[in-house]
Amino acid sequence: MSGFNRFVNILRLFTDQESVWTVQGISEVLTVPQSTVYRTVRDLVKAGFLETATGANYRLGAAF
């Protein structure tokens, strides 16, 4: 899966019903190694597309 597709697939998980995700949860749903998800989430946080929430959770960031 290309980098762009990883970004898009992760961002598509964030819905009104599921607005907060963990790296582990994303990894399980997308069947991608946690290390890959962690690096991708880190990049999305740096770009403002995701932000940290309570605990080890992430939600959509200021870019949205």
Side-chain angles (χ1 to χ4, degrees):
M1 178 181 342
S2 74
F4 178 77
N5 286 335
R6 275 194 303 271
F7 290 124
V8 170
N9 289 339
I10 288 174
L11 292 174
R12 284 185 175 161
L13 292 176
F14 292 85
T15 65
D16 290 337
Q17 295 78 25
E18 295 283 339
S19 62
V20 178
W21 286 86
T22 63
V23 168
Q24 181 180 355
I26 294 169
S27 173
E28 290 171 1
V29 169
L30 297 180
T31 61
V32 175
Q34 284 189 30
S35 59
T36 301
V37 172
Y38 177 78
R39 285 190 305 272
T40 306
V41 166
R42 182 190 62 204
D43 292 342
L44 288 166
V45 168
K46 285 181 186 178
F49 290 105
L50 293 179
E51 62 185 21
T52 56
T54 308
N57 294 300
Y58 295 89
R59 63 180 172 224
L60 292 178
F64 287 97

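Position 1 is the first residue of the sequence; numbering continues from there.
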Derivation of the side-chain contact (heavy atoms from CB on, under 4.5 Å) call for Thr40 and Phe7: CA-CA 7 Å; Thr40 306; Phe7 290 124; 3.5 Å; yes
Hey, are the side chains of [X] and [Y] touching, using non-hydrogen atoms and a 4.5 Å cut-off?
| X | Y | answer |
| --- | --- | --- |
| Val41 | Trp21 | no |
| Val37 | Leu30 | no |
| Thr52 | Asn57 | no |

Decide if atom CZ of Phe64 counts as having more than 12 heavy atoms of other residues, nucleotides or ligands within a radius under 6.0 Å.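 Check passes, neighbour count above 12.
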Given the rule that I, L, V, M, F, W and Y join up when any side-chain heavy atoms are under 4.5 Å apart, are Val20 and Leu13 in one cluster?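 No.
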Is Val8 reachable from Val23 through a run of I, L, V, M, F, W or Y residues, each pair having side-chain heavy atoms under 4.5 Å apart?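 Shared cluster, no.
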How many angstroms lie between [atom1] in [X] and [atom2] in [Y], if you round to the nearest 0.5 Å?
| X | Y | atom1 | atom2 | value |
| --- | --- | --- | --- | --- |
| Leu44 | Lys46 | CG | NZ | 11.0 Å |
| Leu60 | Thr15 | CG | OG1 | 9.0 Å |
| Tyr58 | Leu50 | OH | CG | 8.5 Å |

Can you name the closest pair of heavy atoms from [X] and [Y] and give their distance?
| X | Y | answer |
| --- | --- | --- |
| Ala53 | Arg59 | CB-NH1, 3.9 Å |
| Phe14 | Ser19 | CD2-O, 3.4 Å |
| Ser27 | Pro33 | OG-C, 3.8 Å |

